[in-house]
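In what follows, a structure is listed as structure tokens, so that the remarks can point back to it.
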Amino acid sequence: MIRDARVLQPEFVPREVQHRDAEVNQLTHALDPIVDGERGDTTFLFGPSGVGKTCIAQYTVEQLREAVVDIEHQYVNCWQNYSRFRALYRILEGLDGTVDVHRGSTPHDELLRRVREYDGPPYVVVLDEVDQLQDSAVLYDLYRVPKLSMILIANREEELFVDLDDRVASRLQSARRIRFDHYTEAELVAIMRDRVDWGLEPGAVSDALLRRIADAAAGDARVALGILRNAARDAARAGHDSVDPSTVTGAIPDARREIRQTTVENLTPHQRVLYDLLDEHGRQHAGELYERYREAVDDPRTKRTVRNYLSKLVQYDLVVAEGENRARTYRLTG
DNA sequence: GATCCACAGGAAGGGTTGGGGG
DNA sequence: CCCCCAACCCTTCCTGTGGATC
């Protein structure tokens, strides 16, 4: 039943994107100067998850690569590369592949110096989840690199600008902004239909089922494709030649869990304990949670450190903090 | 209404880590 | 081989806030 599983994978970038013409055009326009060897406009892509921000950024850069002879590009996920050092390291890595800069042996802004000295073809850097960057001043530094164009991706504009360095904020005030909204049900169905036609045997999934998946995904294409992928896999394993409604129903919680699971697996052991305690006991105040945590581990960290852990969990969208000061409680999302 | 208390989160400093140079 | 140094993590100390208590 499955012909090509790749097109259902989350990281797959389609050759043609659907329902994002306006956004693609705006981004292409912002990058136009690159065609003439100039620097492109700094551009923000804002919107909830699963609405195609990363996909459109990568797609547009790819288009540009086909149109322009010579550009360099690099994708940096700031969720994984959240420190100034790591982000700069990745950016330098995009330029010559190997970097012989190691922490400890080089003056602390050697990385930035090397990036600034860059004088090759135009360099397009996509900074995904840019709100996760600990030191936003790095954006200010990158802003001053002549050959470097930035595409910045984040969920919410307000949250991003709240803790931006003042210099950065004023510079980025003038940056272009492109907003992405949830997909409609019809758009999600069309996106899935396209992937189904490429990746599955004809007739494997009916439109009615795609509508059902779209409904469960609530405008999030990543969730929709996750459900579709799991449903197709389950049906294939069961030896069916098409997906039926009950398989879809079974795949919905799986897909949700899958997306969350990859995040949970990246937690440190201590963060994981906090996550599990919130899972087990539900909504809690910081005090009770800390007491349980202290019981649960051999070498408890201080309250201050646990507060840092919790704010990480909130940033990762695994935990919600509700209320202020004493009244604040923590619980898992969803 | 003054005081207390639990909590959030900033700032500063120390310890650990892990690479390169002497 | 040892030492140096920056990155990183954790702790300590601190200020600010708002609900609870008297």
Side-chain angles (χ1 to χ4, degrees), chain A residues 76-117 127 129-142 154-156 158-169 263-275 277-278 281-333:
Chain A
V76 182
N77 188 323
C78 301
W79 201 76
Q80 283 138 19
N81 305 279
Y82 54 85
S83 71
R84 175 190 180 82
F85 180 83
R86 286 193 194 155
L88 284 172
Y89 189 92
R90 286 276 297 157
I91 287 164
L92 206 52
E93 204 175 36
L95 288 175
D96 45 23
T98 51
V99 193
D100 60 342
V101 173
H102 302 280
R103 65 181 204 159
S105 60
T106 33
H108 70 286
D109 258 345
E110 172 72 6
L111 285 174
L112 179 62
R113 193 184 63 74
R114 301 254 304 254
V115 173
R116 285 173 89 162
E117 274 175 5
L127 291 169
E129 319 233 25
V130 68
D131 51 324
Q132 298 293 324
L133 266 185
Q134 234 164 37
D135 175 17
S136 63
V138 70
L139 296 179
Y140 177 78
D141 294 324
L142 292 174
N155 286 19
R156 300 245 303 268
E158 313 80 60
E159 283 172 16
L160 177 63
F161 276 87
V162 159
D163 34 48
L164 272 190
D165 178 312
D166 285 348
R167 293 177 311 166
V168 184
T263 312
V264 172
E265 273 161 13
N266 283 325
L267 299 177
T268 66
H270 285 268
Q271 291 168 345
R272 182 60 190 267
V273 168
L274 291 167
Y275 178 85
L277 286 171
L278 286 167
H281 300 282
R283 176 196 298 269
Q284 292 163 71
H285 286 95
E288 348 170 34
L289 179 58
Y290 185 74
E291 274 314 302
R292 290 196 171 111
Y293 160 82
R294 221 161 52 79
E295 294 291 315
V297 299
D298 293 335
D299 54 341
R301 304 284 187 260
T302 60
K303 288 186 180 176
R304 183 66 187 91
T305 300
V306 167
R307 282 203 289 277
N308 282 341
Y309 289 162
L310 285 169
S311 77
K312 270 282 176 201
L313 294 178
V314 170
Q315 279 184 36
Y316 294 166
D317 218 17
L318 291 170
V319 168
V320 205
E322 289 158 319
E324 303 277 304
N325 299 322
R326 289 181 76 152
R328 179 173 287 192
T329 58
Y330 295 92
R331 64 175 174 83
L332 297 190
T333 49

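Residue numbering restarts at 1 for every chain, and letters A, B, ... go by the order of the sequence lines. Please read all numbers here as calculations on a predicted model, not as lab measurements.
No engagement by A:Ala327 is indicated, since no non-hydrogen atom pair under 4.0 Å with the nucleic acid exists. At the heavy-atom level, A:Tyr290 lies nowhere under 4.0 Å from the strands shown.
Atom CD in A:Glu322 sits about 16 Å away from atom C1' in B:dC7, given to the nearest Å. Regarding A:Phe85, its CZ atom lies at a distance of 14 Å from the P atom of B:dG18, rounded to whole Å. What separates CG of A:Asp135 from C1' of C:dC8 is a distance of 14 Å, to the nearest Å. With rounding to whole Å, A:Gln134 atom CD is found 11 Å from C:dA7 atom C1'. Rounded to an integer number of Å, the gap from CZ of A:Arg304 to P of C:dC9 is 14 Å. Rounding to whole angstrom units, NZ of residue A:Lys303 and P of C:dC10 are separated by 18 Å. The separation between A:Leu111 atom CG and B:dG19 atom C1' is 14 Å, rounded to whole Å. As rounded to whole Å, 10 Å separates atom P of C:dG19 from atom CZ of A:Arg326.
Taken to the nearest 0.5 Å, the CD atom of A:Gln271 stands 6.0 Å off from the OH atom of A:Tyr316. Note that CG of A:Leu274 is 14.5 Å distant from NZ of A:Lys312, once rounded to the nearest 0.5 Å. Taking CG of A:Leu142 as the start and CG of A:Leu88 as the end, the distance is 6.0 Å to the nearest 0.5 Å.
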Protein N or O to nucleotides 12-16 of chain B N or O, pairs below 3.5 Å:
none

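Taking only side-chain nitrogens and oxygens, A:Arg86 comes nearer than 4.0 Å to OP1 or OP2 of C:dC8. Contact annotation: A:Thr302 does not reach the phosphate of C:dC10 (side-chain N/O to OP1 or OP2, under 4.0 Å). Using a 4.0 Å cut-off, some side-chain N or O of A:Arg301 falls inside it from OP1 or OP2 of C:dC10. Dashed line: the shortest gap from a side-chain N or O of A:Tyr82 to OP1 or OP2 of C:dC9 is under 4.0 Å. Applying the 4.0 Å criterion to OP1 and OP2 of C:dC8, one finds that A:Ser83 has a side-chain N or O inside that range. Dashed line: the shortest gap from a side-chain N or O of A:Tyr309 to OP1 or OP2 of C:dC10 is under 4.0 Å.
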side-chain contact (heavy atoms from CB on, under 4.5 Å) evaluation trace for A:Trp79 with A:Thr263
CA-CA 11 Å; A:Trp79 201 76; A:Thr263 312; 3.8 Å; yes
List the steps, then state whether side chain to side chain donor-acceptor pair (under 3.5 Å) holds for A:Gln80 with A:Arg90.
CA-CA 11 Å; A:Gln80 283 138 19; A:Arg90 286 276 297 157; over 6 Å; no
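Side chain A:Arg328 to base C:dG18: no donor-acceptor pair is found below 3.5 Å.
A:Tyr293 contributes no side-chain N or O that, together with a main-chain N or O of A:Leu277, makes up a donor-acceptor pair within less than 3.5 Å.
Listed nucleotides: B:dG9, C:dG16, C:dT11. Nearest to the side chain of A:Thr305: C:dT11.
Contact of the A:Glu288 side chain with the A:His281 side chain is not registered, since no non-hydrogen atoms from C-beta on lie closer than 4.5 Å.
Salt bridge status for A:Arg113 with A:Glu110: present, with a side-chain N to carboxylate O gap under 4.0 Å.
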